[in-house]
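For reference, the structure discussed in these notes is given below.
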Amino acid sequence: MVLGRSFEDMCAQMYYRGKMFGFVHLYNGQEAVSTGFVKCLKPEDYVCSTYRDHVHALSKGVPARAVMSELFGKATGICRGQGGSMHMFSKEHGLLGGFAFIGEGIPVATGAAFKTKYEREVLKNDKADAVTVAFFGDGTCNNGQFFECLNMAALWKLPIIFVVENNLWAIGMSHYRATSVPEIWKKGPAFGMPGIHVDGMDVLKVREVALEAVARARRGDGPTLVECETYRFRGHSLADPDELRKPAEKAHYAARDPIIALKKYLLESGLVDETDLRSIDKKIDEIVEDAVEFADASPLPPRSQLLENVFADPKGFGIGPDGKYRCEDPAFTAGTAQV
Amino acid sequence: MRAPPSTVRASKLVTNAVAVKSETASIAATKSGHELLLFEALREGLEEEMERDPRVCVLGEDVGHYGGSYKVTKGLAEKFGDLRVLDTPIAENSFTGMAVGAAMTGLRPIVEGMNMGFLLLAYNQISNNCGMLHYTSGGQFTIPVVIRGPGGVGRQLGAEHSQRLESYFQSVPGLQMVACSTPYNAKGLMKAAIRSENPVILCEHVLLYNLKERIPDEEYVCCLERAELVRPGKDVTILTYSRMRHHVLQAAKSLINKGYDPEIIDIISLKPFDLHTIGNSIKKTHKVLIVEECMRTGGIGASLRASIMDNFWDYLDAPIMCLSSQDVPTPYAGTLEEATVVQPPQIVKAIKQLCG
């Protein structure tokens with residue numbers, strides 16, 4: 001959680017210093033949800049996110065260096081600089097994205113869960129039990145893809161957990177102004193799966209729910225819908241002036257900061273002392289500083305990278321007038337060919 | 001009418017654009033092989049690939065127990081099971097996205113759109129996810145999906161079931177698109193599309209499913225990027241695809257009788273264009289007629305014209321002619337529907353105009 005918070009704070013700094021561009025959506029305040037769920041997963045499990053994906057990536061194990069580099073648009077980024085803030089992917093760590101459009105990641109997550117079922121039942125691999133966790137927000141819960149996937153996941157008992165990060169706001173649209181039945185967890189049972197409502201500012205409560213949902217999915221009992229009540233301390237993105245949310249509401253949730261809450265709990269129960277916490281903070285600072293240094297020092301993608309990953313099989317660019325596949329043309333590999 | 005030389009894969013000179021009965025010549029070079037209808041050829045290709053690789057699966061509406069609304073998947077659910085031939089609820093965007101997710105994590109799904117038009121509902125997933133994720137993930141994930149289904153103008157099916165959507169998908173970066181037109185290339189392209197690591201859209205046509213042809217018994221795969229030389233000639237290059245190939249062939253009979261010698265190329269690959277086959281033809285004939293079922297505005301023909309001008313301007317003796325369907329929603333009335341699509345007499349007239 002601390003890594004997430006420090007990282008996101010550093011992102012804001014870097015953005016205002018002109019090192020990071022475009023739309024950057026920070027996760028400050030919601031760390032308990034990411035940590036609570038992702039830390040229950042195995043490396044083979046999948047996570048599918050939205051544009052607010054930096055911390056999901058970090059929780060799943062993507063190195064901070066690779067994420068920061070990606071944000072700076074450098075060739076050493078996790079997606080070679082081609083994805084950016086809203087498109088974090090990692091095959092190695094099972095991160096299926098990073099999606100800019102609301103809701104379009106949920107079917108992808110459903111497909112990954114389907115693959116687990118397919119592997120067990122068609123490919124006869126008993127050990128296949130990868131679980132998929134799909135994260136998305138309250139705004140997405142009014143989108144068709146959400147409902148279509150709840151239906152299919154319950155119908156086929158897919159090993160997926162739908163995690164709603166309900167931070168009450170979709171940019172400037174209040175959840176209550178957009179939704180006829182604001183209790184999102186109620187929509188789970190309508191489709192035949194449990195719908196849980198949890199305090200998303202408390203990492204231990206989230207973890208408790210997560211462990212149960214993951215175990216349920218892994219045993220083959222099907223999907224769960226978990227609504228986490230949470231809040232983003234910053235605006236929707238770094239471009240959002242955040243004028244609509246009332247100071248009282250912000251103050252209420254600031255008082256429930258998940259990191260401060262956990263620190264308090266740990267200290268009060270005597271599990272750690274101040275020096276332990278300070279050393280964690282220091283370690284995190286070092287990781288984040290190192291990530292920035294690495295990203296700064298990394299090269300920008302060369303022109304030759306432009307056409308490289310458009311097709312997995314570059315024969316897809318076709319046959320040129322000379323009868324050779326275009327991808328064999330040297331101008332192609334230099335990135336200067338017109339395709 | 002002489003049989004075409006054996007170096008060219010025999011085309012079927014059908015008496016009307018939708019052949020139901022077989023009045024067709026067998027492949028000149030061989031008497032072996034087996035006869036089947038185009039939808040059976042698609043099924044054969046699909047079945048062979050499903051047997052070959054257990055990761056290949058099909059999903060779509062009514063593909064399983066119903067056998068597919070055009071019978072392309074008939075019998076496959078019984079053979080391979082309900083999970084490999086998955087009957088989905090009516091949720092195109094989501095099940096196409098599901099196919100993307102499954103492909104990213106290791107399966108090789110084929111998405112059937114009951115009608116290509118229904119895939120408009122899946123446009124979000126097709127454009128954003130199928131087309132883009134290999135790129136935005138920096139090459140980490142591959143999306144080996146095949147998206148297939150019948151499109152084109154049928155017999156009074158009404159506007160929404162008679163859409164010509166090739167142009168809607170052609171600009172999407174990261175997608176390949178092919179159109180089958182005979183049982184031979186239908187099977188070959190189906191197999192090639194399934195084996196490809198790229199996302200491929202396989203455009204079928206509602207009125208061609210009952211086309212009959214004798215195809216080889218031996219296994220074969222077509223090339224996704226190569227056009228098909230249907231009839232060699234020297235007067236004019238006619239570029240076409242899908243159902244219009246058969247309208248062109250019908251017009252060709254009349255043209256040949258009148259002494260013209262058209263070279264007919266079925267472009268097969270709608271994206272990317274096979275500029276080698278096309279270019280070689282243009283260098284020989286110096287005149288081009290494109291006959292397509294797509295709309296005039298922004299259609300495949302429009303792109304092809306631009307491509308030809310870019311690459312072969314010096315070889316052209318006349319402006320490139322293009323016959324496309326009208327920019328109208330397909331009317332229900334038979335007479336109006338017929339007027340929407342390019343008919344053989346128009347092709348004959350165009351060639352006369354082009355060649356004199």
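Residue numbers begin at 1 in each chain, while the letters A, B, ... track the order of the sequences. This structure is a prediction, so every number in the text was calculated from the model and none was measured.
Side-chain atoms of A:Asp221 never come within 3.5 Å of backbone atoms of A:Ala217 as a donor-acceptor pair (strictly under, hydrogens ignored). Within the 3.5 Å criterion, the main-chain N or O of B:Met177 finds no donor-acceptor partner in the side chain of B:Lys271.
The minimum heavy-atom distance linking A:Ile78 with A:Met88 is given by the pair CG2-SD, 3.7 Å.
The part of B:Asn129 that comes within reach of chain A is its side chain, from C-beta onward, which places non-hydrogen atoms under 4.5 angstrom from that chain. Within the 4.5 angstrom heavy-atom criterion, no atom of B:Ser269 approaches chain A. Contact annotation for A:Phe101: only side-chain heavy atoms (C-beta onward) come within less than 4.5 Å of a heavy atom of chain B. Heavy-atom distances place both the backbone and the side chain of A:Leu96 under 4.5 Å from chain B. Heavy atoms of A:Phe147 lying under 4.5 Å from chain B are absent altogether. For B:Gln176, the parts sitting under 4.5 Å from any heavy atom of chain A are the backbone and the side chain alike. Interface remark: B:Leu224 contributes no atoms to any contact with chain A (heavy atom separation under 4.5 Å).
Per-residue heavy-atom pair counts under 4.5 Å with chain A were compared for B:Gly174, B:Gly279, B:Cys223, and the maximum is reached by B:Gly174. Put simply, of B:Thr88, B:Leu275, B:Asp274, the one with the most heavy-atom pairs under 4.5 Å next to chain A is B:Leu275. Top candidate by heavy-atom pairs under 4.5 Å with chain A, chosen from B:Gly131, B:Ala103, B:Gly97, is B:Gly97. Most heavy-atom pairs under 4.5 Å with chain A: of the set B:Val100, B:Asn93, B:Asn128, this distinction falls to B:Asn128. Top candidate by heavy-atom pairs under 4.5 Å with chain A, chosen from B:Phe95, B:Phe80, B:Phe312, B:Tyr135, is B:Tyr135. Heavy-atom pairs under 4.5 Å with chain B peak, among A:Ser90, A:Gly144, A:Cys48, at A:Ser90. Top candidate by heavy-atom pairs under 4.5 Å with chain B, chosen from A:Ala130, A:Pro107, A:Pro314, is A:Pro107. Comparing A:Gly83, A:Gly318, A:Pro321, A:Ala109 by how many heavy-atom pairs each has under 4.5 Å with chain B, the most go to A:Pro321. Top candidate by heavy-atom pairs under 4.5 Å with chain A, chosen from B:Ala227, B:Ser94, B:Pro272, is B:Ser94.
Using a 30° and 60° split on the angle between ring planes, A:Phe114 and A:Tyr118 fall in the tilted class, from 30° to 60°.
Put simply, the side chain of B:Thr237 does not reach to within 4.5 Å of the side chain of B:Lys287, judged on heavy atoms. Using a 4.5 Å heavy-atom cutoff, the side chains of A:Val108 and B:Gln125 are in contact. With contacts defined as side-chain heavy-atom distances shorter than 4.5 Å, the pair B:Val58/B:Leu86 does not qualify.
Of residues 55-70 of chain A, no residue lies under 4.5 Å from chain B by any heavy-atom pair. At a heavy-atom cut-off of under 4.5 Å, chain A is reached by B:Gly138, B:Gly139, B:Gln140, B:Phe141, B:Thr142 from residues 138-149 of chain B, listed in order of number.
Dense packing is recorded around CZ of A:Phe191, with more than 12 heavy atoms of other residues, nucleotides or ligands lying under 6.0 Å away. Within a 6.0 Å sphere centred on CZ of A:Phe23, other residues, nucleotides and ligands contribute 12 heavy atoms or fewer.
Ion pairing between B:Arg305 and B:Glu292 fails under the 4.0 Å rule for side-chain N and carboxylate O. Ion pairing of A:Glu121 with A:Lys117 is present here, as a side-chain N (NZ or NE/NH1/NH2) and a carboxylate O approach within less than 4.0 Å. Checked for salt-bridge contact, A:Glu119 and A:Lys124 miss the test: no charged N lies under 4.0 Å from a carboxylate O. At a threshold of 4.0 Å, the pair B:Lys79-B:Glu47 counts as salt-bridged, since one of the basic side-chain nitrogens sits closer than that to a carboxylate oxygen.
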Stepwise, does the side-chain hydrogen bond (donor to acceptor under 3.5 Å, both in side chains) test hold for A:Asn143 with A:Thr140? CA-CA 5 Å; A:Asn143 185 275; A:Thr140 308; over 6 Å; no
Test A:Arg80 against A:Asn309 for side-chain hydrogen bond (donor to acceptor under 3.5 Å, both in side chains), laying out the working first. CA-CA 10 Å; A:Arg80 307 181 80 199; A:Asn309 302 124; 2.8 Å; yes
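Expressed to the nearest 0.5 Å, how far CG of A:Asp313 lies from NE2 of B:His134 amounts to 9.5 Å.
Here A:Phe317 and A:Phe311 bring their ring centres to under 6.0 angstrom of each other.
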